[in-house]
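The structure under discussion appears below in the form of C-alpha cells.
Every number for a ligand or one of its atoms is a count from 1 in the order of the listing. Because the structure is predicted, anything quoted here is derived from the model rather than measured.
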Amino acid sequence: MSAGPPRHVVVLTGAGVSAESGLGTFRDKDGLWTRYDLEEVATPEGFRRNPALVCEFYNARRENLRKARPNEAHRALAAFERRFQGRFTLITQNVDDLHEKGGSPDPVHMHGRLDELRCQHCAAVYAYDAPIAPDSVCPVCGREGGQRPNVVWFGEMPLHMDAIDAALADCDLFVAIGTSATVYPAAGFVGRVRAMGRARCAELNLEPTAASSLFDETRYGPASEVVPAFFAALS
Ligand code: BV8
C-alpha cells in the first residue's frame, strides 16, 4: 500500500449515511425491518403475493424521501470528489437520492432507486414520483399492471456488479460508511479488497459492526461528523 495520497478511492455507503436526514435505517432500534417483514415487502415472492402492500411500503418511503435533505456527510463526499485528483467511485446500497441532492454526480446504486419504476412487461426503467398501485400503466408500452419499484429485492442480483468488481480490484483506499455489514454481496466487499492486499480499508460508522475487525482504521460517530473529518484529512 502506497504511503502517498490514494490513487483510487472507493466508498460504500449504507442507510447510516442518510440516518441524520431523517430516513430510517433498517436494523437500528425502530428500523424498517423491525416494523415490516422483509420477506413480505422486499422479496419478489412478497410482491407476487401482495403487490398492494409492497406498493404501499414503497409509496410511504418515497413520500418520506420527498421531505428529506442531504446532510453534511453527503455534502462532504461530493466536495471531496470535486477536489480529488485521483479516481473516485461512490457505491451506495441506498435507494434514496440524497447523494445526488448532496452533489455527487454519479453514485452507483447497487440496490436500485426509490424514484424509478421498472415495467415487468417491456423492462423499461423510468423515473416516477407519484404513488403506484398494482394496476398502474407503463408509460412506455402502455400495458396495465406489472409496474414494480426499480429496487433490488432479497434473492435478486444487485445492479452494476461488473463496474463494482472492477473498482474494488483497482482501489487503494476502501471506505465503508453507515452500513451494518449484514447484507451480501456488499457486506463482503471489504474482505475481497483485503484479500487483494493493495488497499487500506476504513470504516466510518455510528458503532462497531460485524466487519469492524477487517478494517485498518475505524472511526465511530454520526456520519455528519466523522465523514467530513475523515475526508478533510485525506486531501
Ligand atoms: C443476492 C433494497 C444472489 C430494497 C435491499 C437467501 C436467499 C437469497 C439470498 C440470500 C439468502 N440468504 C442470504 C442471502 C443473501 C442476501 C443477504 O445478504 N441477506 C442477509 C439478510 C443475510 N442478499 C441478497 O439477497 C442480495 N442478492 O444475494 O443475490 C444472486 C446470485 C445470483 C443470481 C441471483 C441472485 C440482494 C440484497 C439487496 C436487498 N435489498 N434493499 C429496499 O431498500 O427496500 S437490502 C437493505 O439492507 C438496504 O438496501 C441496505 O442497503 C441493506 C444493508 O443495510 P444497511 O445499509 O447496512 O443498513 P442497516 O440498517 O443494516 O445498518 C445501518 C448502519 O448505520 C448501522 O451499522 C448503524 O450503526 C449505522 N448508523 C445509524 N445511524 C448512523 C449510522 N452511521 C453513521 N451515522 C449515523 N447517524
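Every atom of ligand 1 with a heavy atom of E156 under 4.0 Å away is listed here by number and element: 1 (C), 26 (C), 27 (N), 29 (O), 35 (C), 36 (C). Below 4.0 Å from some heavy atom of E20 lie the following atoms of ligand 1, by number and element: 78 (N), 79 (C), 80 (N). Within ligand 1, the atoms closer than 4.0 Å to a non-hydrogen atom of E207 are 69 (O), numbered from 1 in the order shown. Taking every heavy atom of T179 and a limit of under 4.0 angstrom, the matching atoms of ligand 1 come to 55 (P), 57 (O), 64 (C), 67 (O). Interface atoms of ligand 1 facing G14, defined by a heavy-atom separation under 4.0 Å, are 56 (O). Within ligand 1, the atoms closer than 4.0 Å to a non-hydrogen atom of G178 are 63 (C), 64 (C), 65 (O), 76 (N), numbered from 1 in the order shown. Near W153, meaning under 4.0 Å from one of its heavy atoms, ligand 1 places the atoms 36 (C), 39 (C). Each of the following atoms of ligand 1 lies closer than 4.0 Å to a heavy atom of Q93: 49 (O), 51 (O), 52 (C), 53 (C).
One option in Y220, Y184, Y36 has a heavy atom closer to atom 26 (C) of ligand 1 than any other, and that option is Y184. Across the listed options V152, D96, N94, V152 owns the non-hydrogen atom lying nearest to atom 2 (C) of ligand 1. For atom 38 (C) of ligand 1, the candidate residues are M157, H111, E203; the nearest heavy-atom contact is made by H111. Counting heavy atoms only, Y58 comes closest to atom 4 (C) of ligand 1 of the residues Y58, F57, F154.
In terms of protein heavy atoms, atom 50 (C) of ligand 1 is closest to F26 CE1, 3.8 Å. For atom 70 (C) of ligand 1, the closest non-hydrogen atom on the protein side is N205 OD1, 3.4 Å. Looking only at protein heavy atoms, the nearest one to atom 25 (O) of ligand 1 is G155 N, 2.7 Å. Of all protein heavy atoms, the one lying nearest to atom 74 (C) of ligand 1 is G16 O, 3.6 Å.
Under 4.0 Å is where a charged nitrogen must lie from a carboxylate oxygen, and between R200 and E217 at least one such pair does. Note on D170 versus R198: no salt bridge recorded, every NZ/NE/NH1/NH2 to OD/OE distance being 4.0 Å or above.
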What verdict does the side chain to side chain contact (heavy atoms under 4.5 Å, CB included) test give for T179 and Q93, after you've listed the backbone C-alpha separation in whole Å, the side-chain angles of each residue and the deciding distance to 0.1 Å? CA-CA 9 Å; T179 180; Q93 300 173 84; 2.9 Å; yes
Exercise. Apply side-chain hydrogen bond (donor to acceptor under 3.5 Å, both in side chains) to the pair Y220 and S212, showing each step before the final yes or no.
Key: CA-CA 11 Å; Y220 300 128; S212 293; 3.3 Å; yes
| Working for side chain to side chain contact (heavy atoms under 4.5 Å, CB included), residues L12 and T92 | CA-CA 5 Å; L12 170 70; T92 186; over 6 Å; no
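Note: the hydrophobic cluster containing M110 also contains F174 (ILVMFWY, side chain heavy atoms under 4.5 Å, direct or indirect links). Following chains of ILVMFWY side-chain contacts shorter than 4.5 Å, one can reach L23 starting from V183, so the two form part of one hydrophobic cluster.
Protein heavy atoms are absent from the space less than 4.0 angstrom from atom 11 (C) of ligand 1. Checking atom 7 (C) of ligand 1 against the protein gives no heavy-atom contact under 4.0 Å. Within a 4.0 Å radius of atom 14 (C) of ligand 1, the protein contributes no non-hydrogen atoms.
Rounding to the nearest 0.5 angstrom, the gap separating the CG atom in L204 from the OG1 atom in T218 is 9.0 Å. Atoms CG and CZ, on D129 and R66 in that order, are 5.5 Å from each other to the nearest 0.5 Å.
The part of V95 lying near ligand 1 is the side chain, judged by heavy-atom distances below 4.0 Å. Proximity of A223 to ligand 1, defined as any heavy-atom pair under 4.0 Å, is shared by backbone and side chain alike.
The only option from E56, E63, R62 that meets the side-chain hydrogen bond (donor to acceptor under 3.5 Å, both in side chains) definition with N59 turns out to be R62. The residue from I132, L114, V95 that alone fulfils the side chain to side chain contact (heavy atoms under 4.5 Å, CB included) condition with P149 is I132.
The aromatic rings of W153 and Y58 lie tilted to each other, with the angle between the two planes from 30° to 60°.
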